[in-house]
Amino acid sequence: MVSLVLTVVELLRQLMERQALRRCDQGDVTDDQVERIGTTLMLLDQRMDELCEQHGLTRDDLNLDLGPLGTLLER
């Protein structure tokens, strides 16, 4: 059950990261916002590592195989 919850959290984290990068590339954010976004994304990534370690999982354990569609998570 924990692995499923962490998989959903990781999927959301990756989606947020892609959206933030898209906004930065489009120039919709200030330099200060870019700095804060980068720091926040780094902290989220570190926290995911901590949660995986805490529950004896790796990021690869969270990547569900969707058969012909490939895997759920980008890594």
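Keep in mind the model is a prediction, meaning the values are calculated, not measured. In what follows, residues are counted from 1 in the order of the sequence shown.
- In terms of the side chain to side chain donor-acceptor pair (under 3.5 Å) criterion, residue partners of Thr58 (sequence neighbours excluded) are, by chain and number, Asp61.
- Residues meeting the salt bridge (charged side-chain N to carboxylate O under 4.0 Å, His left out) test with Glu53, sequence neighbours left out: none.
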Donor-acceptor pairs under 3.5 angstrom involving side-chain atoms of residues 25-34: please list them, not counting sequence neighbours.
from, atom 1, to, atom 2, distance (Å)
Thr30, OG1, Gln33, N, 3.2
Thr30, OG1, Gln33, OE1, 3.4
Asp32, OD2, Arg36, NH1, 3.3
Gln33, OE1, Thr30, N, 2.8

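- Between Gln19 and Leu15, the closest side-chain pair of non-hydrogen atoms is not below 4.5 Å.
- At a threshold of 4.5 Å between side-chain heavy atoms, the hydrophobic network of Ile, Leu, Val, Met, Phe, Trp and Tyr places Val9 and Leu72 in one connected group.
- Here the CG-OG distance, from Leu64 to Ser3, works out to 7.5 Å after rounding to the nearest 0.5 Å.
- Met48 and Ile37 are assigned to two separate hydrophobic clusters, defined by single-linkage of ILVMFWY side chains at heavy-atom distances under 4.5 Å.
- For Arg23, the salt bridge (charged side-chain N to carboxylate O under 4.0 Å, His left out) criterion is met by no residue, not counting sequence neighbours.
- To the nearest 0.5 angstrom, Glu10 atom CD is 8.5 Å from Glu17 atom CD.
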Could you go through the side chain to side chain donor-acceptor pair (under 3.5 Å) check for Glu50 and Gln46 one step at a time?
CA-CA 6 Å; Glu50 292 169 6; Gln46 288 173 355; over 6 Å; no
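- For the side chain to side chain contact (heavy atoms under 4.5 Å, CB included) test, residues two or more places apart in sequence or in another chain that qualify with Leu69 are Leu66.
- Among all heavy-atom pairs drawn from Asp45 and Arg59, the shortest one is O-NH2, 2.8 Å.
- Applying the salt bridge (charged side-chain N to carboxylate O under 4.0 Å, His left out) criterion to Glu35, with sequence neighbours excluded, gives no partner residue.
- Although no hydrogens or angles enter the test, the distance criterion places a donor-acceptor pair under 3.5 Å between the side chain of Thr7 and the main chain of Leu62.
- No chain of hydrophobic side-chain contacts below 4.5 Å, direct or via other Ile, Leu, Val, Met, Phe, Trp or Tyr residues, connects Val8 to Met16.
- In the hydrophobic clustering of this structure, Leu44 does not group with Leu6; members are Ile, Leu, Val, Met, Phe, Trp, Tyr whose side-chain heavy atoms approach within less than 4.5 Å, directly or through other members.
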